[in-house]
Number of protein chains: 2
Amino acid sequence: MSRTDKEIDEATDAKPSRASAARLSLYLRCLENWRRAGQATVSSGNIAETLGLSDAQVRKDIGYLGSPGQPGVGYKVPELIRAIREGLGINREWRTVLVGVGNLARALLRYQGFREQGFEIVGLFDADPQKLGLRVDGLTVQPMSALPAVVAGADAELALMTVPAEAAQDVADALVASGVRGILNFAPAVLRLPSKVRLVNVDLAIQLEQLAFQVQLGNIP
Amino acid sequence: MSRTDKEIDEATDAKPSRASAARLSLYLRCLENWRRAGQATVSSGNIAETLGLSDAQVRKDIGYLGSPGQPGVGYKVPELIRAIREGLGINREWRTVLVGVGNLARALLRYQGFREQGFEIVGLFDADPQKLGLRVDGLTVQPMSALPAVVAGADAELALMTVPAEAAQDVADALVASGVRGILNFAPAVLRLPSKVRLVNVDLAIQLEQLAFQVQLGNIP
DNA sequence: GGATGTGAACGACTTCACAGCG
DNA sequence: CGCTGTGAAGTCGTTCACATCC
């Protein structure tokens, strides 16, 4: 009987949905700005206004976190930041490897936003022998053969793939074999992965196509 | 009264929704591969299997295009490609400017996928005087002051923004003032634009956060 | 048989509306 | 009074199922 109660409890505390999680990341950006500015509390209306959403939606999203929130006042900024980071699973360090050291990789490595959010890059890899030994941003480019040992040794769970489309599937297979659990793929290729491994694609051509589509839609109404 | 009929007609031919448009871009990638391979027809099942979707969804998406499709056979590859490109509004050239010539910009310029899809970059701009005159991929970096003339002269409608977050809003304002209609923004900043101008954000930290979230979700069930 | 095209059922997400609280 | 939290209603998108056609 106590069992039944427990199950009802667990069913009640819903996790953030995909759609909601994407917005929570955005809330986090705003909140970090406001914290830097020294603001103590925010209301759902503040966030909604900034991002062009409805206040009800913001409250619903935050509601999934089981977070605090004072009626008549709003949310305490640092507390809400902590709650979102916990809800998204980024309240810890995620070790990450990067495969394919081209311009895009250099741009990613330079961008400090990753580290600030707890993503640490623990290895650079490239199939091109000419690039081996190259030092980029404090890390040395290693051959693909070193991948399994580094992933295992550093307990890396995520990977950034910035390789040409032709190489993408092979690299992905190698990453999976090394034990990586999630891949952020920038190659314009359709990858097949075991269902245990999560994949997020960032295809720049597709983003441009979506933009063109939206602009074209805007023309008509 | 004929007015009413017309309205019903227009309400009937639905345009692809946002969600559907994102998938159509993916279909396009597969189809182009298959065309290169010389395949004449595809079925909704083929596409669905490749991308891990349901065949019904693929048919619904294609249905928005008012495209052909032969029962018992499938869709003719070249015809479907044309229909998708038309539906997405990319069956023409989109002239595009790029602001912020860093590593990310170089990666984008090198990536031939844009040009193949009809996106032509007609101008490079940077606020850094040291970069002025630099030639990258056949284009010369120009000062921000030249932006309005170039946008107007080339009739550019889209812009790629690869600038630091601090500069993002100012650059966006300048782009809007120049007459650009859509911005693909890579800066991790929340931009405010007039509603006439479309915005697509690609925030790499957010993508990584979403990946971490999905990996974390996968751990539990 | 093998696919398409599509209403209808279903499910997920969003907005509404308001009770409750500081 | 202002703002949160949340059922209820509504909207949007996906899946099902089947009539239809080659």
Side-chain angles (χ1 to χ4, degrees), chain A residues 8-9 11-27 30-31 34 39-77 79-80 83-84 87 210 213-214 217, chain B residues 8-9 11-27 30-31 34 39-77 79-80 83-84 87 210 213-214 217:
Chain A
I8 289 172
D9 275 353
T12 306
D13 85 310
K15 294 274 154 50
S17 70
R18 293 273 165 106
S20 172
R23 283 188 301 269
L24 286 170
S25 275
L26 292 171
Y27 304 166
C30 300
L31 288 163
W34 286 325
Q39 194 170 330
T41 66
V42 283
S43 70
S44 57
N46 293 156
I47 300 174
E49 219 273 321
T50 305
L51 292 169
L53 304 169
S54 77
D55 54 346
Q57 177 148 81
V58 173
R59 284 199 298 278
K60 267 268 155 75
D61 290 336
I62 294 176
Y64 292 130
L65 305 172
S67 152
Q70 289 171 269
V73 183
Y75 305 88
K76 294 186 196 167
V77 172
E79 206 166 307
L80 186 51
I84 292 178
Q210 296 305 307
F213 172 66
Q214 287 185 34
L217 274 192
Chain B
I8 290 170
D9 275 353
T12 306
D13 85 309
K15 295 274 155 49
S17 70
R18 294 273 165 103
S20 171
R23 284 189 299 269
L24 286 170
S25 274
L26 292 171
Y27 304 165
C30 301
L31 289 164
W34 286 324
Q39 193 169 330
T41 66
V42 282
S43 69
S44 57
N46 293 156
I47 300 176
E49 220 273 321
T50 305
L51 293 169
L53 303 170
S54 76
D55 55 345
Q57 177 148 82
V58 173
R59 285 198 298 280
K60 268 270 157 75
D61 289 336
I62 293 175
Y64 293 130
L65 305 172
S67 153
Q70 290 171 268
V73 183
Y75 306 88
K76 293 184 196 167
V77 172
E79 206 166 305
L80 186 51
I84 293 179
Q210 296 304 308
F213 172 66
Q214 287 184 35
L217 273 192

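Chain naming here is simple, since letters A, B, ... match the order of the sequence lines and numbering starts at 1 in each.
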Check against side-chain hydrogen bond (donor to acceptor under 3.5 Å, both in side chains), A/E79 and A/S67: CA-CA 8 Å; A/E79 206 166 307; A/S67 152; 5.7 Å; no

Step by step, work out the side chain to side chain contact (heavy atoms under 4.5 Å, CB included) result for A/L26 and A/L53. CA-CA 11 Å; A/L26 292 171; A/L53 304 169; 5.8 Å; no

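- The two atoms that bring B/R23 and B/D61 nearest to each other are NE-OD2, 2.7 Å, heavy atoms only.
- Atom pair B/N46:CG and C/dT4:C1' shows a separation of 13 Å (rounding to whole Å applied).
- Atom-to-atom, CG of A/L24 to P of C/dC13 comes out at 13 Å; the value is rounded to the nearest Å.
- At the heavy-atom level, B/G69 lies under 4.0 Å from the strands shown only through sugar-phosphate atoms.
- What separates CG of B/D55 from C1' of C/dG5 is a distance of 12 Å, to the nearest Å.
- A/P68 comes within 4.0 angstrom of sugar-phosphate atoms only, judged by non-hydrogen atoms across all strands, and of no base.
- The two residues B/V77 and B/L31 come nearest to each other via the heavy atoms CG1-O, 3.8 Å.
- Within the nucleic acid shown, B/R23 comes within 4.0 Å of sugar-phosphate atoms alone, with no base atom in reach, counting heavy atoms only.
- If you measure from atom CD1 of A/I62 to atom C1' of C/dT14, you get 16 Å, rounded to the nearest angstrom.
- The residue among A/R18 and A/P71 whose nearest nucleotide of DNA chain C is located toward the 5' end is A/R18.
- Residue A/S20 comes nearest to A/P16 through the heavy atom pair OG-CB, 4.0 Å, listed as atom of the first residue, atom of the second, then distance.
- Interface limits on DNA chain D: the 5'-most and 3'-most nucleotides within less than 4.0 Å of chain B heavy atoms are D/dG13 to D/dC22.
- Between the CZ atom of B/R59 and the P atom of C/dG2 there is a distance of 15 Å, rounded to whole Å.
- Residues A/S17 and A/Q70 each lie close to DNA chain C; by heavy-atom proximity, the contact nearer the 5' end of the strand is made by A/S17.
- As a whole-Å value, the separation of A/Q57 CD from C/dA12 P is 17 Å.
- For the pairing with B/Y75, the side-chain contact (heavy atoms from CB on, under 4.5 Å) check across B/N46, B/I62, B/I47 returns one residue only, B/I62.
- Within the 4.0 angstrom heavy-atom criterion, only backbone atoms of the sugar-phosphate kind lie near A/G74; the bases stay farther away.
- Taking atom NZ of residue A/K60 and atom C1' of nucleotide C/dC18, one finds them 13 Å apart after rounding to whole Å.
- Considering every non-hydrogen atom in both A/Q210 and B/R18, the closest pair reads OE1-O, 4.2 Å.
- Using a 4.0 Å heavy-atom distance criterion, B/S20 is classed as making no nucleic acid contact.
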